Amino acid sequence: MWCVIAHYHELALKGRNRSILVRQLINNLKLATRDLDIISITSLPGRIRLQVENGTDISQLWKSLQLRISAVFGIANFSLAFASSIDPTGDLDSLKEALGSVIYSQQFQSFRITTKRGDKRFPKTSMDVSREMGGYIQELTGRKVNLTNPDLTIYIELLIDSAYVSFARLPGPGGLTLGMSGTTVCLLSGGIDSPVAAYRMMKRGSRQIFVHFHSHPFLSRASQEKAEELVSHLTQYQYQSMLYLVPFGDIQRQIVLCVPPAFRIILYRRFMIRIAEQIARQHRAWALITGDSLGQVASQVPDNLAVIEDAAQLPLLRPLIAMDKIEIITQAKSIGTYETSIIPDQDCCTLFMPAHPAIRPKLGLIRKFEETLDKETLVQQGLGSIQKQEFRFP
Ligand code: ATP
Ligand code: MG
């Protein structure tokens with residue numbers, strides 16, 4: 001019987017919460033594979049098993065499973081495995097039969113066997129098993145054992161009443177199980193950076209609620225379409241997403257009336273934060289996430305970062321703060337958001353903006369400008385005209 005054996009990082013799952021976390025990881029695997037021919041997903045000691053429905057075209061299914069499982073955070077590595085029952089007395093006949101039936105799918109001249117016992121009650125040591133199974137395969141196929149540089153490594157995992165044989169171990173994405181770090185609200189612009197920030201938070205176990213501010217109808221719908229496409233793409237990592245589209249043009253117009261050009265971007269950002277924070281509270285999210293990277297543009301120099309953050313009551317996290325643009329772009333490419341992010345659009349922050357934003361604003365001055373605005377009404381105005389979209393994967 002075919003199955004997939006997935007290993008998680010032991011360290012990430014320490015302590016009392018372990019069983020809750022394994023359950024969460026199993027639940028995520030179920031969501032990630034819900035449209036595929038998997039009949040059950042269960043926890044075995046130290047690993048998780050996904051059982052494949054009998055009679056499935058395994059090579060086709062394996063291709064889909066590789067894509068899906070390599071996007072499940074918390075998985076350290078995984079392999080396609082053939083399952084065999086095993087005799088607790090230490091007799092290996094049924095394991096030999098199982099391995100014999102699948103070894104012919106492999107092309108190799110030399111091999112080695114790596115055995116791991118998941119249960120130390122099994123009467124033979126890993127070394128005993130590797131030696132005995134190696135002798136058997138040598139006899140069966142005429143191929144040579146090569147411990148240092150074999151064409152094929154055969155992995156055997158022994159549990160108390162079952163064993164699993166596999167030929168390759170693929171890396172998972174690592175990270176923490178999605179959901180174990182609660183929910184955070186990501187301010188998603190449609191640019192290169194914020195989708196990467198969202199990804200990095202998801203990889204640390206935090207579900208994202210997305211908020212995009214746009215200046216339609218003053219500007220085109222392009223930024224909204226990009227935000228939708230980005231969220232749709234990122235949903236493969238969290239299975240279900242919500243995107244809030246906030247019309248921001250009218251709010252910007254009112255800011256523009258009271259604030260000199262050089263300070264506008266800072267007020268735009270402070271109002272974005274206030275609105276996002278209300279959404280965060282509705283979802284019991286514990287922090288806000290942005291794609292700021294230190295010094296990248298005027299609004300991301302030290303003084304501005306501090307003045308913008310002052311508008312937040314929840315923690316404002318900036319996962320990319322110490323990354324170079326090149327590093328961010330490399331990651332955007334590897335997670336598949338780059339191509340969407342570089343489609344030309346009109347970001348709302350370009351509306352009514354000067355060529356040279358202030359880089360050393362005084363917080364007191366910014367607060368004075370805001371006193372001339374009806375903050376509460378502006379925030380409610382943004383929240384009142386919000387549009388909500390839901391996404392699901394697969
Ligand atoms: P990005 O590539 O994410 O757009 P950027 O380098 O262009 O970032 P800014 O445009 O200054 O930088 O935005 C900094 C951060 O502020 C963004 O990463 C995002 O988190 C947030 N932000 C900016 N504009 C918007 C918007 N229209 N909607 C939601 N969040 C935004
Ligand atoms: Mg931007």
Side-chain angles (χ1 to χ4, degrees), residues 184-201 208-216 218-231 234 242-252 255 264-280 287-302 304-305 307-309 311-312 314-333 335 337-354 357-359 382 386-387 389:
T184 48
V185 165
C186 177
L187 285 82
L188 187 81
S189 66
I192 295 169
D193 305 334
S194 37
V196 176
Y199 173 86
R200 293 183 78 98
M201 288 305 293
Q208 301 303 299
I209 306 272
F210 296 97
V211 182
H212 174 72
F213 296 87
H214 64 84
S215 309
H216 188 71
F218 303 95
L219 300 176
S220 79
R221 247 203 121 249
S223 78
Q224 287 176 75
E225 284 160 9
K226 285 171 70 179
E228 288 161 12
E229 201 169 316
L230 289 166
V231 172
L234 290 168
M242 226 176 274
L243 166 64
Y244 289 96
L245 296 166
V246 188
F248 202 54
D250 273 328
I251 297 174
Q252 288 174 288
I255 292 173
R264 285 175 189 167
I265 189 103
I266 292 167
L267 270 88
Y268 292 173
R269 283 292 148 72
R270 284 169 61 95
F271 276 94
M272 283 184 186
I273 282 171
R274 292 189 177 106
I275 292 170
E277 194 156 271
Q278 292 306 314
I279 296 169
L288 304 178
I289 311 299
T290 69
D292 294 304
S293 156
L294 189 57
Q296 199 182 88
V297 290
S299 61
Q300 297 169 25
V301 299
N304 275 337
L305 289 173
V307 170
I308 290 168
E309 181 158 351
L314 288 175
L316 174 62
L317 306 182
R318 296 162 160 134
L320 311 188
I321 195 70
M323 281 174 82
D324 288 351
K325 193 73 192 185
I326 302 278
E327 293 169 322
I328 298 171
I329 287 174
T330 303
Q331 181 136 47
K333 286 180 177 165
I335 64 174
T337 53
Y338 182 75
E339 293 303 323
T340 306
S341 291
I342 58 172
I343 297 170
D345 67 353
Q346 296 175 301
D347 187 83
C348 68
C349 297
T350 57
L351 193 60
F352 317 122
M353 272 304 295
I359 51 171
I386 230 166
Q387 259 187 320
Q389 289 190 17

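Just the heavy atoms: all of them, side chains too, but no hydrogens, waters or symmetry mates, feed the values below. Read the numbers this way: they start at 1 and go in the same order the structure lists the ligands and their atoms. Quick caveat: nothing in here was measured; it's all calculated off a predicted structure.
Counting only heavy atoms of the protein, atom 20 (O) of ligand 1 lies nearest to Leu187 O, 2.6 Å. For atom 5 (P) of ligand 1, the nearest non-hydrogen atom of the protein is Asp193 OD2, 3.5 Å. In this structure, atom 1 (P) of ligand 1 lies nearest to the protein heavy atom Ser189 OG, 3.2 Å. Ranking the protein heavy atoms by distance from atom 29 (C) of ligand 1 puts Leu188 O, 3.2 Å first.
Lys325 is listed as a side-chain neighbour of Asp193, based on a closest heavy-atom distance under 4.5 Å. Looking at heavy atoms from C-beta onward, Ile251 lies out of side-chain contact with Tyr268 at the 4.5 angstrom threshold.
Ile192 CD1 to Glu339 CD: the interatomic distance, rounded to the nearest 0.5 Å, is 10.0 Å. Ser194 OG to Leu234 CG: the interatomic distance, rounded to the nearest 0.5 Å, is 9.5 Å.
Gln300 and Arg318 are not linked by any side-chain donor-acceptor pair at a separation below 3.5 angstrom, with hydrogens and angles left out of the test.
When all heavy atoms are compared, the tightest approach of Asp345 to Ala222 is CB-CB, 3.8 Å. Here the closest heavy-atom approach between residue Gln208 and residue Cys186 is recorded as OE1-CB, 3.3 Å. Scanning all heavy atoms of the two residues, the minimum distance from Gly190 to Leu230 falls at CA-CD1, 3.7 Å.
Of all atoms in ligand 1, listed by their number and element, those nearer than 4.0 Å to a heavy atom of Val211 are 29 (C). Heavy-atom contacts of Arg269 reach the following atoms of ligand 1: 9 (P), 10 (O), 11 (O), 13 (O), 14 (C), 16 (O), 23 (C), 24 (N) (cutoff under 4.0 Å). Counting atoms of ligand 1 from 1 in the listed order, those under 4.0 Å from a heavy atom of Ser299 are 11 (O). Counting atoms of ligand 1 from 1 in the listed order, those under 4.0 Å from a heavy atom of Gly191 are 1 (P), 2 (O), 4 (O). Proximity to Val297 (heavy-atom distance under 4.0 Å) selects the following atoms of ligand 1: 11 (O). Proximity to Cys348 (heavy-atom distance under 4.0 Å) selects the following atoms of ligand 1: 27 (N). Each of the atoms 2 (O) of ligand 1 lies under 4.0 Å from some heavy atom of Ile192. If you number the atoms of ligand 1 from 1 as listed, the ones under 4.0 Å from a heavy atom of Phe213 come out as 26 (C), 27 (N), 28 (N), 29 (C).
Between His214 and His212, the ring planes lie parallel to each other; the angle is under 30°, not in the 30° to 60° tilted range.
A heavy-atom separation below 4.0 Å is found between Gln300 and ligand 1.
With Glu327 contributing its side chain and Asp324 its backbone, the two residues share a donor-acceptor pair below 3.5 Å. Using modelled atom types, no side-chain atom of Arg269 and backbone atom of Ser299 make a donor-acceptor pair closer than 3.5 Å.
Note: no N/O pair closer than 3.5 Å links Met272 and ligand 1 by distance alone. For Thr290, no nitrogen or oxygen atom sits less than 3.5 Å from a nitrogen or oxygen atom of ligand 1, counting backbone and side chain alike. Polar contact check, Gly291 against ligand 1: a nitrogen or oxygen pair lies under 3.5 Å apart.
Within the 4.0 Å cut-off (strictly below), no protein heavy atom is located near atom 7 (O) of ligand 1.
Compare Val196, Asp292, Ile289 by their heavy atoms: the one nearest to atom 14 (C) of ligand 1 is in Asp292.
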